[in-house]
Every structure is written in C-alpha cells, then in structure tokens.
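Quick notes on the structure that follows.
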There are 2 protein chains.
Amino acid sequence: MVQKIQPVERCDCEVIHEDTVNRVREKMPLEETLYDLAELFKVFGDSTRIKILWALDEAEMCVCDIAVLLKMTQSAISHQLRLLKQAALVKSRREGKIVFYSLEDEHVKQIFDQGLIHISENKE
Amino acid sequence: MVQKIQPVERCDCEVIHEDTVNRVREKMPLEETLYDLAELFKVFGDSTRIKILWALDEAEMCVCDIAVLLKMTQSAISHQLRLLKQAALVKSRREGKIVFYSLEDEHVKQIFDQGLIHISENKE
DNA sequence: ATAACATATGAATAGTTGTTCATATGTTCA
DNA sequence: TGAACATATGAACAACTATTCATATGTTAT
C-alpha cells in the first residue's frame with residue numbers, strides 16, 4: 001500500500017532524545033533496501049507460495065504436478081510461480097511441452113528455518 | 001485469503017510419478033505449520049513494520065518516538081505494533097504514561113539478515 | 001496443418017490490509 | 001476531580017491480492 005508521508009509533531013515524552021532519534025535514523029538502511037526487504041517477505045507471506053517453495057525444495061517439479069500436489073488449479077499455480085520467479089526464488093527450464101521449476105538458491109531453506117525456529121518457540 | 005480446495009485432474013505429464021507426489025506430500029510439514037509460517041512472513045511483508053523492527057533493534061523506544069522517527073501518525077504506529085506483538089516479534093513494558101517497545105528476541109535480526117543476503121545477490 | 005497437451009496471462013471479483021479519523025482508555029499532576 | 005498527555009482501538013475507505021474463468025501461446029506428434 002502506498003503511504004503518504006505525514007507531518008508529525010514531536011511529542012513531549014523525552015524518552016530518547018532528539019539526537020538519539022537522529023542517530024537511529026542515520027543507522028537505518030536505505031529506504032529502498034527496507035522496501036525491497038518487505039517486498040521479499042511479502043512473497044513468503046502466502047501459504048500457497050510457501051507450499052510451492054517447500055515442494056520444490058524436495059524435488060524439481062512441473063506446473064501440473066505442483067497443481068496435483070497442492071490440489072489447486074494449474075492457473076493459480078502458474079500465477080504464483082510467476083511471482084516467485086520475479087522474486088528470484090525459483091527458476092525454470094523448459095523441456096518440450098513441460099516447464100520444470102526448482103529453487104533458485106539455498107536462501108529459501110535458510111529463511112524458512114529461521115521462521116520455523118521463531119514459530120516453534122512461540123506456539124501456544 | 002481463504003482458498004477453496006479445487007478438485008484437480010491428474011495431467012498426463014509423467015514427470016514425477018504418482019508415488020513421488022505422494023512422497024513429497026508426506027514429507028511436507030503440517031498444513032497448519034505452513035500456514036503459521038506464511039502468517040509470520042506476512043508480518044515482515046510491510047515496510048512500515050520492517051522499519052519499526054529495525055528501529056527497535058537499535059534501541060528500545062516509545063510509540064511517539066517511533067512515530068517521529070518514521071514520520072507517521074501515532075495511530076498508524078500503534079496499530080502496527082499490535083500486529084507485531086501478536087506475532088511475538090516485539091514486547092512492551094509500561095512506565096507511567098509511556099509504553100516502551102523492544103524486540104522480543106534475536107530471530108528478527110537473523111531473519112532480516114537472510115533476506116538481505118538474498119536481496120544483495122539478486123539486485124539488478 | 002491440425003489436434004492434443006502444458007503452460008501463461010488478462011480481466012474480473014471477492015477477500016484482505018494499511019492508514020486515517022474520531023474517540024476511548026490509562027496515567028500523572030495540579 | 002479535572003486537565004493534559006501517551007497510547008489503544010473501532011469504523012471506514014482506498015489500495016492491494018489470490019483465485020477463477022476464458023483464452024492465448026508454445027510444443028509435439030500425426
């Protein structure tokens with residue numbers, strides 16, 4: 001969602017001082033980097049895509065096999081694979097009629113693992 | 001988004017066999033786990049929340065300071081902090097009128113780092 | 001060329017989400 | 001108690017997104 005920049009009055013609570021705010025602001029990564037990071041995690045933020053990535057971590061698969069595996073339509077899977085490819089999380093190769101998808105690199109698994117650790121430590 | 005389960009006809013492409021699909025399906029984590037994982041990453045998938053988390057990694061801060069830092073309204077920040085707290089990514093403590101927020105644990109930083117590695121290797 | 005198959009894609013739609021606005025809750029101090 | 005301040009929250013709205021449906025593109029075999 002596009003967010004408007006909102007003028008903000010400084011509040012009176014002098015918890016961290018003006019210069020501390022400035023220090024934190026200076027240490028923050030570029031706006032663009034933080035945006036890209038959010039865009040990346042947004043891709044992970046859907047259970048269909050999570051399932052596809054998980055499946056591809058097990059085996060290289062074609063579109064229709066993923067559709068069968070996840071009990072979803074070919075179209076839905078294809079749309080999601082496009083997003084995953086744009087995010088450089090999966091790659092594809094064509095062999096005749098069939099297009100094979102696989103993970104682009106090892107980061108996916110590592111990001112998953114960090115997430116799983118967090119979940120396992122916070123389940124109720 | 002709630003997704004209907006769609007009946008799918010097995011396609012003719014015998015890329016991975018029926019039993020391979022079954023093997024992959026058996027090795028997949030529980031539906032619930034994958035859903036929780038997606039929910040977690042969804043929280044990371046917004047640049048406002050990414051910025052808040054990044055700021056809190058630098059220093060414990062109160063709501064209004066975060067609002068000043070990010071040049072956003074107190075209300076918007078407060079809403080997002082609620083989501084972050086529900087996801088067990090931040091914790092809060094009250095000191096009089098002021099509520100301090102800080103990171104819940106070290107996972108946040110580690111998940112960020114994995115994401116940044118991926119981004120840095122795939123920027124155009 | 002034509003049929004059959006695998007995949008991709010545009011449009012439409014229903015469901016979701018981030019921000020704003022108004023207001024409520026909780027705390028301190030006079 | 002009442003005023004001032006910090007934060008929380010519900011409702012509303014605009015923007016976004018995942019799936020579906022229909023159809024297009026690309027490939028193979030006859």
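We name chains A, B, ... by the order of the sequence lines, and we start the count at 1 in each one.
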d([atom1], [X]; [atom2], [N]) in whole Å:
{"X": "B:Leu84", "N": "C:dG18", "atom1": "CG", "atom2": "C1'", "value": "13 Å"}
{"X": "A:Met72", "N": "D:dA18", "atom1": "CE", "atom2": "C1'", "value": "8 Å"}
{"X": "A:Phe100", "N": "D:dG26", "atom1": "CZ", "atom2": "P", "value": "20 Å"}
{"X": "B:Leu81", "N": "D:dA6", "atom1": "CG", "atom2": "C1'", "value": "13 Å"}
{"X": "A:Lys85", "N": "C:dT9", "atom1": "NZ", "atom2": "P", "value": "9 Å"}
{"X": "A:Phe44", "N": "D:dT17", "atom1": "CZ", "atom2": "P", "value": "16 Å"}
{"X": "B:Asp65", "N": "D:dT7", "atom1": "CG", "atom2": "C1'", "value": "13 Å"}
{"X": "A:Leu83", "N": "C:dT7", "atom1": "CG", "atom2": "C1'", "value": "16 Å"}

> Think A:Lys109 forms a cation-pi with A:Trp54, using NZ or CZ under 6.0 Å from the six-ring centre and within 45 degrees of its axis?
Replying inline: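 The answer is yes, since A:Lys109 meets both limits relative to A:Trp54.
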> Given Watson-Crick or G-U pairs with both distances under 3.5 Å, what dot-bracket string fits DNA chain D, with | for other-strand pairs and [ ] for crossing?
Replying inline: ||||||||||||||||||||||||||||||
Per [X] side chain, nearest of listed nucleotides [options]:
{"X": "A:Ile98", "options": "D:dA8, D:dA18, C:dA6", "value": "C:dA6"}
{"X": "B:Lys97", "options": "D:dA18, D:dT20, C:dG26", "value": "C:dG26"}
{"X": "A:Lys42", "options": "D:dA18, D:dT17, C:dA8", "value": "D:dT17"}

> For DNA chain D, whose closest nucleotide is more 5', that of B:Ser78 or that of A:Gly96?
Replying inline: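 Its nucleotide being nearer the 5' end, the pick is B:Ser78.
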> Taking N and O atoms by type only, does the side chain of A:Gln74 place a donor or acceptor under 3.5 Å from a partner on the base of C:dA6?
Replying inline: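 By the distance-only test, no, there is no pair.
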>> My understanding is that only one of B:Leu84, B:Val108, B:Ile66, B:Leu89 makes a side chain to side chain contact (heavy atoms under 4.5 Å, CB included) with B:Leu56; could you say which?
In response: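 Of the listed residues B:Leu84, B:Val108, B:Ile66, B:Leu89, the side chain to side chain contact (heavy atoms under 4.5 Å, CB included) partner of B:Leu56 is B:Ile66.
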Between [N] and [X], is there an OP1 or OP2 to side-chain N/O distance shorter than 4.0 Å?
{"X": "A:Thr48", "N": "D:dT19", "result": "yes"}
{"X": "A:Ser75", "N": "D:dT20", "result": "no"}
{"X": "A:Arg82", "N": "C:dT7", "result": "no"}
{"X": "B:Tyr101", "N": "D:dA8", "result": "yes"}
{"X": "B:Arg94", "N": "D:dA6", "result": "no"}
{"X": "A:Gln80", "N": "D:dT19", "result": "yes"}

Pairing of [X] and [Y] as salt bridge, 4.0 angstrom limit:
{"X": "B:Lys51", "Y": "A:Glu31", "result": "yes"}
{"X": "B:Glu60", "Y": "B:Arg93", "result": "yes"}
{"X": "A:Arg23", "Y": "A:Glu26", "result": "no"}

>> Any base atoms under 4.0 Å from B:Ile66, or only sugar-phosphate, or nothing? Heavy atoms, all strands.
In response: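 No contact at all - B:Ile66 keeps every heavy atom at 4.0 Å or more from the nucleic acid.
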> Within a strict 4.5 Å, meaning less than it, do heavy atoms of the A:Ile98 and A:Met61 side chains meet?
Replying inline: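 A:Ile98 vs A:Met61: side chains apart.
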> Rounded to the nearest 0.5 Å, how far does OG of B:Ser47 lie from CG of B:Leu70?
Replying inline: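 Going from the CG atom of B:Leu70 to the OG atom of B:Ser47 covers 9.5 Å.
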> Can you tell me if B:His118 uses its side chain to pair, donor with acceptor, with the backbone of A:Ala87 under 3.5 Å?
Replying inline: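 Yes; at least one donor-acceptor contact below 3.5 Å.
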>> Checking A:Glu106 now: which residues fulfil salt bridge (charged side-chain N to carboxylate O under 4.0 Å, His left out) with it, not counting sequence neighbours?
In response: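 With neighbours one apart ignored, the set is empty.
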Tabulate protein N/O versus nucleotide N/O from nucleotides 11-13 of chain C, keeping only pairs under 3.5 Å, one per line.
none

> Is the A:Phe44 ring parallel, tilted or perpendicular to the B:Phe41 ring (thresholds 30°, 60°)?
Replying inline: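 Because their plane-to-plane angle lies in the 30° to 60° range, the rings of A:Phe44 and B:Phe41 count as tilted.
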